[in-house]
Structures are given as C-alpha cells and as structure tokens.
Amino acid sequence: MTKINMKTPLVEIDGDEMTRVLWEVIKEKLLSPFIELKTEYYDLGLSNRDNTNDEVTVQSAHAIKKYGVGVKCATITANTARQKEYNLKHLHPSPNATIRAILDGTVFRKPISVNRIKPSVITWKAPIVIGRHAYGDVYKAAEMEIDGPGKVEMVYTKSDGTERRVKIADFEGSGIVQGMHNYDESIKSFARACFLYAINEKIPLWFATKDTISKTYDGRFKAIFEEIYETEFKEKCAAAGIEYFYTLIDDAVARVVKSEGGFLWACKNYDGDVQSDMIASAAGSLAMMTSVLVSPSGVFEYEAAHGTVQQHYYRWQKGEKTSTNPAALIFAWSGALSKRAELDGLSDLTDFARRLEKAVLSTIEDGIMTGDLAKLSDPPPVKVLNSWEFIDEISSRL
C-alpha cells in the first residue's frame, strides 16, 4: 500500500507513564502503516525535563511556533512525592503552562460524543466546550511560606521608581501567601479566540468569573470581554445568530447542570482546568475529551485532556495489560494531522484523519470498548478489551 506523504513535520511531544506507552502503540498500529510520518520529536518525559533543566519544554514550544502544529502526550507536573519517586533535581512548573505561556493561546476542550455513552447530566443534548485561558493566575503565581509574625505587602514599582503598596495581611504566626498576575493583552487574546471559536462553531458563548469578590482581578477580565464584544464582535455574533453573556462562576455552574449543552463556556485558567474535568467526567470519561491550544499567531497544539494514568502504569510495569482508554490520545493525533493537512493542502491526509476518528467511534458504537466506558455503556458492551486489543480493533477497521 502506498503511504500518505507529509510536506511539513508535526512537532511531536512525548510524555510520561501509561500515556507514553500507548503513544508508541498508536504510532505503530494506527499511523505508521498508513502515513510517512514526519515529526520533529521532543521528549518531555519527566526525567528528560529534569536533565535538561526544563529547556526541552521551551524548545518544543518554539518548534510549534516554527512549524505551526504540535501534538502532545500527557505529562507529569511533579510534586514532592514525584520528586522523590523520580529522584529529580528540581520541581519545574507544569510543562503545559510553560508551552501555553510561550504560545499565548487559549485551550478549547470538547467531549468526544458517542450515542452508546449517555451523559450523566440527563438534560445535556449537545457537547459543552470549555474555553480555558492559557496564561497566568495560579500557574504563574509567586508563593512564600511565612514562618512567623510580620507584615506582608504587595509592592508595584513603576519604571520611574515610584511605588504603590497594598497590605495583604498582618501575620501573628506562620502561614502562606501567594501573588497572581495576568496581562491585558493576554486576556484580550483569550477573549478574541473565544468569540472567533463561538462564531465559527455557531454556538453561544458564556463567560464567567467571580468579580463580586475579586473586584479588580476578575473585574478586569469581565471588562475586557465586554470591550472586545462591543467593539469587535457584537455585529458578527448577531450575524451568526449567537448570544454572548456574562455571569458569575457559581451561577454558571448551576446553569450548566440544568442546560441542554451546545455552547462554549469561557473560563479563567484554573476554572477551566477544573470545569473541563467536570464536563469530561459527566460526559463519560476523561479519556473522551479533546483538547487544542489555539494561538492568536495561528499555531495549534493538540493533546489529550487527561493525565498520565499513573496507577495503570504501575500495573503495566508488573506485566499486566491494562484497559486504559486511548481515544483522546488518538484524537490528539487525528486533530493535529487534520490541521497539518489543512495548512499544507493535503486532501488524502485530511481523509485519513477523518477515517481514523470514524474507526474509533464505530468501534465504541458497536459495543467494543475499554473498561472505563464499559461501566457506562447503554446498551451493555458486547466486548471489553485491553488497550492493545482495542487499538488492534481500530486498526482492523482502518
């Protein structure tokens, strides 16, 4: 069989644990037999990030800027337990946060819908897309432990040397303090990306923060979204027949649970992290959630929205075949290949990406699935497979 040729490489970013194991199986069984795969490879496994002092993460982000499209495996953001487990020299920040900051993008996460898996929220009739701001807040926060009595202040020193000070707290004993920031330009990019996505998909756009409590910080987000809407997108939204509205984050949660779905929910960085997991779980499984980082410069990074599946990895190390669901990893590849095909004008590669997704969905619809979906399947599954068997089934349909 003649393989499909690629003009431009994808930036391939490898990851950790069980997802790293399945990443290679997906390439071997579902991609390499059909495509002359061109990639520029970066190993963001935890040990390599530590060995390179995290420089490899920065390099991978700049490679995405160069080539326009990247595809990323799930990676570990180490805590002290992971530092001990992997014998790390440093605790580096989230690699996703580093890449997002360099690309100045917005993350859009959307459930992979199959008829056989019913959402646990019975009112949902259409997917809910999460638009997550990809810069700042707790992911770029400065933190400090306070070891005794004293005063903590926030100080802004202007370029002309003048200062403004705000007291944070008087400490009578030990405690902790954290300082967050964001930039107007980053928030504007976030707002524009969300409006463009909503208009392109012809779905309503909701934006939610907590400006009643965080009057300055969250209030700035609210004001910028309103400004961008009024000056750039109000007429375009009307022409597309879509609505934009703002609400408090707690009100948004209540509305979401009672809604029919079918809208884009724009969230600040941490809110989007939490709510995308909630949407994914309620829609079926964290392994059934697509994720794409869209940069205003026109570059894209596709990944699975879930973690490295740590416990399955430990079982695999003992020689077990696990039933880890690889669907989101496969859709990361299909999304990246589809975008690469679009940018390079490769209709055969576009067709392959669509066929790959169709093969995954038809396998599940026919009742052949991994263990996470078997518990949710209605009607019950015909066959429950381990990850390797599931990928083989998809391959047979390709």
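The basis for the numbers below is simple: all heavy atoms, side chains too, and nothing from hydrogens, waters or symmetry mates.
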Rounded to the nearest 0.5 Å, what's the gap from [atom1] on [X] to [atom2] on [Y]? Could you check?
X	Y	atom1	atom2	value
K234	I228	NZ	CD1	14.5 Å
R109	C267	CZ	SG	11.0 Å
S281	H306	OG	NE2	12.0 Å

Expected output: side-chain [X] to main-chain [Y] donor-acceptor under 3.5 Å:
X	Y	result
N269	G136	yes
T75	L44	no
N51	S47	yes
S214	D211	no
T123	S259	yes
S362	A359	yes
S387	T322	yes
K215	T212	yes
T52	N48	yes
R116	P380	yes

Taking all atoms of both residues into account, what is the closest heavy-atom pair of [X] and [Y], and its distance?
X	Y	answer
V384	A374	CG2-CB, 3.6 Å
G307	T19	O-CG2, 3.4 Å
M369	S377	CE-OG, 3.5 Å
Y229	C237	CE1-SG, 4.0 Å
A282	W124	CB-CZ3, 3.5 Å
F190	G131	CE1-O, 3.7 Å

[X] versus [Y]: any side-chain heavy-atom pair under 4.5 Å?
X	Y	value
I102	V58	yes
E40	Y67	yes
V69	L343	yes
E36	I4	no
Q310	R82	yes

Do [X]'s NZ or CZ and the ring of [Y] fall within the cation-pi criteria of under 6.0 Å and 45°?
X	Y	answer
K321	W388	yes
K268	F221	yes
R132	Y139	yes

Under a single-linkage definition using a 4.5 Å side-chain heavy-atom cutoff for Ile, Leu, Val, Met, Phe, Trp and Tyr, are [X] and [Y] assigned to the same hydrophobic cluster?
X	Y	answer
I99	L46	no
V107	I64	yes
I26	M288	yes
L264	V256	no
L337	F34	yes

Handout entry: side chain to side chain contact (heavy atoms under 4.5 Å, CB included) between E303 and V71, intermediate numbers included
Key = CA-CA 6 Å; E303 62 177 331; V71 58; over 6 Å; no
Practice task
Please work out whether the ring planes of H92 and H90 are parallel, tilted or perpendicular, with thresholds of 30° and 60°.
Solution key: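 Rings of H92 and H90: tilted, as their planes differ by 30° to 60°.
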Practice task
Indicate, with yes or no, if the rings of F207 and H133 have centres closer together than 6.0 Å.
Solution key: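 Ring centroids of F207 and H133 are no less than 6.0 Å from each other.
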Problem - Qualifying residue, where the test is side chain to side chain contact (heavy atoms under 4.5 Å, CB included) with R49 and the options are I76, T98, L88 - result: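 Checked I76, T98, L88 against R49; only one passes side chain to side chain contact (heavy atoms under 4.5 Å, CB included): I76.
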Problem - Qualifying ring pair (Phe, Tyr, Trp, His ring centres under 6.0 Å) pairs, either residue in residues 253-281, two or more places apart - result: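 Qualifying pairs: W206-F263.
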Exercise for the section: May I have the step-by-step check of ring pair (Phe, Tyr, Trp, His ring centres under 6.0 Å) for F233 and Y244, ending in yes or no? Expected result: CA-CA 10 Å; F233 289 101; Y244 164 70; over 10 Å; no
Exercise for the section: Begin with the C-alpha distance, continue with both residues' side-chain angles, and end with the deciding distance and a verdict on side chain to side chain contact (heavy atoms under 4.5 Å, CB included) for R255 and T247. Expected result: CA-CA 10 Å; R255 287 173 178 260; T247 186; 4.1 Å; yes
Exercise for the section: Check the pair N325 / L373 against side chain to side chain contact (heavy atoms under 4.5 Å, CB included), numbers first and verdict last. Expected result: CA-CA 8 Å; N325 187 346; L373 299 183; 3.6 Å; yes
Practice task
Check step by step if side chain to side chain contact (heavy atoms under 4.5 Å, CB included) holds for I35 and L349.
Solution key: CA-CA 8 Å; I35 306 170; L349 188 59; 3.9 Å; yes
Problem - Passing option when E12 is tested against K27, K72, K38 for side-chain hydrogen bond (donor to acceptor under 3.5 Å, both in side chains) - result: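 Filter result, single survivor: K27.
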